[in-house]
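The block underneath contains the structure these notes are about, expressed in structure tokens.
Remember, it's a predicted structure, so these values are computed and weren't measured experimentally. Residue numbers run from 1 in the order of the sequence given.
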Amino acid sequence: MHSNNHVTHYLDDTFLQVVLLLPLVLVLFLYLLAISLLKYRKKSWPSNRTFFFVLAICCAVAAVSGPLAVRAHQDFTAHMLGHLLLGMLAPLLMVLAAPLTLILRTLNVITARRLVSFLKKRYFLFLGDPVVASLLNVGGLWVLYTSDLYLTMHKHTLVYVAVHLHVFLGGYIFTSAHVYIDPIPHRRSFVYRGIVMVAAFAGHGILSKYIYAHPPAGVPAGQAELGGMLMYYGGDAIDLIIVVIFCYQWYKESRPRVKAASESRTL
């Protein structure tokens, strides 16, 4: 009986890994295919963006398959490491890879314009707002770790897959709503994005401390403490990268205005 349960558990783990791996393999294939089309048309694509995308896929793959994913079922610290890879680092790297820009460059002019028009719809305006993106991302994590959802997802396959997809997509939407690499039809001011971003980072940090003191359902106190610390310090490290990129973009955009203002005063 124990052997049968072990086999069933192994098959469940394998199924989960395959289900979560397929979309990642697919988007990597499509990204590389788009680059090949550009090269066929004698158009260039920055190699650093390709590197960021491949690295993003590697981080996501490490989080949903292999030893880390298997261990995450029993070890909350391993789960939290997977969260940092899947929900924070992989989305940041993917945003830096500018996938939408690549898509627009591979499409013909008419199709590209249709895609841009589609992205201007109210739904994307709502979804791309920093406040909404922050609620989906950080708010979703609060729901995951302060309710029975964390325990439930390890018992039900569909819930497990849905949570992991939400963690990744929530992280991507959040990052792209604050750091503009791809063309964004509905751009928000740096001040607005900066205020919301700081509030979201604070919410993430407070949640890590809450986890440290109040372990999620089914998580031993020792694992919760290690996981909370990893979430806090690891999250801060990735947040710092986002802040540096954000501040650099703000500086680069405001620099011409500062220069023009100084020149007008000298005249």
Given the rule in the ring pair (Phe, Tyr, Trp, His ring centres under 6.0 Å) test, do His83 and Phe168 qualify, once you have shown the distances and angles that lead to the verdict?
CA-CA 9 Å; His83 155 69; Phe168 174 76; over 10 Å; no

Could you go through the side-chain contact (heavy atoms from CB on, under 4.5 Å) check for Leu84 and Leu89 one step at a time?
CA-CA 6 Å; Leu84 292 176; Leu89 187 56; over 6 Å; no

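Other residues, nucleotides and ligands contribute only 12 or fewer heavy atoms inside 6.0 Å of the CG atom of Leu158. Within a 6.0 Å sphere centred on CD1 of Ile110, other residues, nucleotides and ligands contribute 12 heavy atoms or fewer. Shown here is Met153, whose CE atom has more than 12 heavy atoms of other residues, nucleotides or ligands within 6.0 Å.
Nearest heavy-atom pair across Ala63 and Ala69 is O-CB, 3.7 Å. In terms of heavy-atom proximity, Leu104 sits nearest to Ala112 at CD2-O, 3.9 Å. Between Pro183 and Leu100, the shortest heavy-atom contact is O-CD2, 3.7 Å.
A parallel orientation is assigned to the rings of Tyr160 and His73, their planes being inclined by less than 30° (bins at 30° and 60°).
For Tyr210 (side chain) and Pro215 (main-chain N/O), no donor-acceptor pair under 3.5 Å exists by modelled atom type. Proximity of a side-chain donor or acceptor of Trp142 to a complementary backbone N or O of Gly203 within less than 3.5 Å is detected.
Aromatic ring centroids of His164 and His154 lie 6.0 Å or more apart. Here the two rings, on Phe246 and Phe190, have centers that are under 6.0 Å apart. Residues His204 and Phe174 place their aromatic rings such that the two centres sit no closer than 6.0 Å. In this structure, Phe76 has its ring center under 6.0 Å from that of Tyr150.
The side-chain hydrogen bond (donor to acceptor under 3.5 Å, both in side chains) search around Asp182 returns Thr101, not counting sequence neighbours.
Test Phe52, Phe53, Phe51 against Leu96 for side chain to side chain contact (heavy atoms under 4.5 Å, CB included) and you get one pass: Phe52.
Pairs engaging residues 115-136 under the side-chain hydrogen bond (donor to acceptor under 3.5 Å, both in side chains) rule: Asp129-Arg188, Asp129-Tyr192 [sequence neighbours left out].
Inter-residue side-chain proximity for Phe201 and Val243 is flagged as met; some heavy-atom pair is nearer than 4.5 Å.
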